[in-house]
Amino acid sequence: MTSKYNPQEIEIKWQARWAEDHLYEVRDDDPRPKFYALTMFPYTSGDLHVGHWYALAPIDAYARYMRMKGYNVLHPIGFDAFGLPAENVAIKQGIHPFIWTMNNIDTMRRQLKKMGNVYDWSREIITCLPEYYKWTQWLFLQLYHAGLAYRALAPANWCPHCQTVLANEQVMSDGTCERCQTPVTRRLLEQWFLRIARYAEELLNFDSLDWPERVKIMQHNWIGRSEGVEIAFPLAGGEEPISIFTTRPDTIYGVTFLVLAPEHPLVSQVTTNSHRQAVNAYIEAAARQSDIQRLSTEREKTGVFTGSYVINPLNGKQVPIFVADYVLLSYGTGAVMGVPAHDSRDFDFAKKYDIPIPVVIAPPGWQGEELAAAHVESGIMVNSGQFNGLSSEEGLKAITDLMEVQGYGKRTVTYRLRDWLISRQRYWGAPIPIVYCPQCGTVPVPESQLPVLLPEDAEFRPTGESPLKYNAAFLNTICPRCHSPAQRETDTMDTFICSSWYFLRYVSPHYNAGPFDPEKLRLWLPVDLYTGGVEHATMHLLYARFFTKALRDLGLVNFDEPFLRLVNNGTILADHQKMSKSRGNVINPDEYVSRLGADAMRAYLMFMAPWEQGGDWSAQGINGIARWLKRVWDLVHSERERGHKSVPNDSTLMELRRLIHKTTKKVAKDLEAFHLNVMLASLMEYTNFLAKMEKSYAIPEPLWQEAVEKLLLLLAPTAPHLAEELWQRMGHPYSIHNHPFPSWNEAMVTEEEFTLIIQVNGKLRDKVVVPVTITKEEVQALVSGRPRIQPYLKNGRVDRLFYIPGRLVNIVN
RNA sequence: GCCGAAGUGGCGGAAAGGCAGACGCGCUACGUUCAGGGCGUAGUGGGCUUACGCCCGUGGGGGUUCAAAUCCCCCCUUCGGCACCA
């Protein structure tokens, strides 16, 4: 038996053994309570880098911990395998996306296995395989039949580089593509949408979720709920009124103009002939603007008069109608009332076009002077007829009530969230199972004909055009309804659809009567713990919540939320920068694994920083962990000679016993809270203490055995290979990973004695070890007698004394 | 502009309102028949002091408290989200 720690040797050995024994195979008929721990599955980029390890190792430790705690744990892994990079490789290098993806999966699977995670590989899923995407298509059809999927002509975000449209969530706030940072342009196209906006209100409810506050806030902001009033302004001399949306009906007496978005359908109707040329020119100019230009808040407001007027329904005044591109068609009604005195955008606009700026909400101390800037806060209403003197809050309610009674106003709620655009003009995705028939129109592919397979012989053109469009065998088909010649939809689905339900597939990965076995779904779902990067806050996480709710309404699932607890891991950096191939600063984990071991890698990634924060990779830092693991190894192999060691007294032994329990509790609590760096620090302290004890004392064998056993059990989730090896070497039966996690005795966690901190006026002056049972009176007597303290006491007296039991005493005089 | 998070040694970072700097990296000294990215012991916030010790110190400034890294107010910086959303 060698006594030198050789991580590579033992890691390979145990990985093989665990696989052979199916140690981590998950059984559905296990009677223990279930726990579903999930991490966001990786995209098949081809290389498992240190960022993957960072995301995957800690939740594996958590899953292992829950196994040891007696749960039947499902902690599966799979691959998010559709997506544009595969297609770009096809265009540039002529490698078929399927080949490239599957090769990458082989590599990644091999690399993943080196981590020693508890994955049950029989449950692996790959989203680009027909056995998976058949059900992606099937789910699309269910949504379609339920009216939750529809096709519409709409201006869409177009990425010229990716050659496809994007969902709003996939356009960054600077107007660039989420994947390639290319500025996004707009294109009017027939597109497929999912009605996520219908779920806006329910998606705002996070009551049952243990999620980071920041993710909830991001989703909340993204959904953008806004309560207001829709008001109909009758056209002067016209028939149809113009509807606007406002959150400030209390300012309606200050309306001096009305603005339509350039794309608003009524623009042409309200434009008078004498203004038509100018309006058309303006609309064309607006259309040419890129999103980035148009979204800039810095830009000067522009607009053009249409020649028509509307009547303010409250005071009967005529106000001019403008077209201006600071109003967006996609929000509210695409039209706003202009209240320059109380809205900064309207103020800018009115200044530019010399429109009056009447004050109707008086700022504090207002004397009737002109405003230098819009007063957007609340105030007392003036120049507002019968409503004068009310506060703007009261006025808002009173005016709204009046308008509702008189029938031209209606309370409404508006959301920023738009329907999810899921069409992608790309090959490497799940084809949308729709056929267009000259006779029947849009016809869903019957379920019996699923999957609609991607053609293998696709041609990848350097122009980036979708190969499906030019693949006659794919494109041309027969209408499922009337059997006349028809054409297939050539767009594929956003890959975020694949990831909106993958967590359901793991429960029955090869089930072929549906996307999932309903019984197994009931057993395992929802996911108890989900981890991944925060970058998916308003994409994947929002989509998956929507999917869950939609499937619930279809009767397919019986829960409201997919992920009960969410923990975000931070990003691992190199020299304060994101790792990327283009920067050339990617840390390759394989090198460290072969030199220091997967266990060291796992432990270091957990130790280097708070997991939720992320931080810089340090090639130096990992050595500290490797040293520690070696010390653990040496501790187990220590000779245990009794020779020249002293016999420990009872209190020394008690100290060790207490530390065992304290450390056990701390490790359990810290791991549960993902305070992994602190958890490992306490394990190191424990190791250091044991080493010191062992060196100086002849510790009774049973106690020593217990101390070391506990160390291995506490270490097992973090360093599974080392723990298994040492467990075996100590003579314990295989496997440590089936052994219960140690419990602790609360009475042993509390000390009998503690170091009382003695402060005078809040400053540390002395310390003394006292029993925990000491009373305040005893403390007072004790401290006044301390020679270090006496000089600080006036006439040897203590005026006031604060005693915090078990901690400190503060003397104030 | 709005919303949110965060600022602690040379570095990563610890601290239920109660000893600031746990644990680790790095560094220093000493020891070690240590060839192979060693190992052990001690030290390591700043200043003053021969010493016992004392003073200062958690981005800056106020405040609450017996006691503040922690709570409150103002400001600065960094990061993230949203941004003409009516």
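Note that these values count all heavy atoms, side chains included, but never hydrogens, waters or copies made by symmetry. Here is how names work: the chains are called A, B, and so on, in the same order as the sequence lines, proteins then strands, and each is numbered from 1.
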Hunt down the Watson-Crick or G-U wobble partner of [N], both distances under 3.5 Å, from any strand shown, or write none.
N	result
B:A35	none
B:G9	none
B:U65	none
B:A51	none
B:U58	none
B:C79	B:G4
B:A15	none
B:C27	B:G43

What distance, rounded to whole Å, do you find between the two [atom1] atoms, one in [N] and one in [M]?
N	M	atom1	result
B:C23	B:A29	C1'	23 Å
B:C56	B:A20	P	12 Å
B:C72	B:C55	C1'	29 Å
B:C76	B:C27	P	40 Å
B:C30	B:G24	P	23 Å
B:C11	B:A16	C1'	28 Å
B:A15	B:A51	C1'	32 Å
B:G37	B:A42	P	26 Å

Test item: A:L683 and A:F607 side chains (from C-beta on) under 4.5 Å apart, heavy atoms: no
Do the non-hydrogen side-chain atoms of A:V359 and A:H342 ever get within less than 4.5 Å of each other? yes
Within the structure shown, what part of the strands sits under 4.0 Å from [X] by heavy-atom distance: base, sugar-phosphate, or nothing?
X	result
A:N623	nothing
A:R627	sugar-phosphate
A:K763	sugar-phosphate
A:S618	nothing
A:V336	base
A:N677	sugar-phosphate
A:Y592	nothing

For A:W222, is the NZ or CZ atom of A:R545 found under 6.0 angstrom from the centre of its six-membered ring and inside 45 degrees of the ring axis? no
Hey, is [X] close enough to [Y] for a salt bridge, meaning N to O under 4.0 Å?
X	Y	value
A:E655	A:R658	no
A:D348	A:K352	no
A:E201	A:R225	yes

Roughly how many Å is it from [atom1] in [X] to [atom2] in [N], rounded to a whole number?
X	N	atom1	atom2	result
A:Q759	B:G18	CD	P	11 Å
A:L808	B:A68	CG	C1'	13 Å
A:M679	B:G24	CE	P	15 Å
A:R418	B:A83	CZ	C1'	13 Å
A:F607	B:G13	CZ	P	11 Å
A:N221	B:G80	CG	C1'	12 Å
A:R807	B:G17	CZ	P	10 Å
A:L573	B:U78	CG	P	18 Å

Closest nucleotide of RNA chain B for A:T538 versus for A:R765: which of these residues is on the 5' side? A:R765
On RNA chain B, check which nucleotide each of A:R800 and A:D616 is closest to and give me the residue with the more 5' one. A:D616
Between A:F802 and B:C66, do the rings stack, that is, sit under 5.5 Å apart with planes less than 30° off each other? yes
Taking syn as within 90° of 0 and anti otherwise, name the glycosidic form of B:A67. anti
Relative to its sugar, using the 90° cut-off around 0, the base of B:G43 is anti
State, without any angle test, whether A:E746 and A:W744 hold a side-chain donor-acceptor pair at a distance under 3.5 Å. yes
Can you tell me if A:K666 touches the phosphate of B:C23, counting only side-chain N or O atoms and a distance under 4.0 Å to OP1 or OP2? no
Which value, rounded to the nearest 0.5 Å, describes the distance between A:L722 atom CG and A:R602 atom CZ? 11.5 Å
Please pick, from B:G13, B:C82, B:G4, the nucleotide with the shortest atom-to-atom distance to any side-chain atom of A:I217. B:G4
Of the candidates B:C84, B:C19, B:C66, the side chain of A:K767 sits closest to B:C19
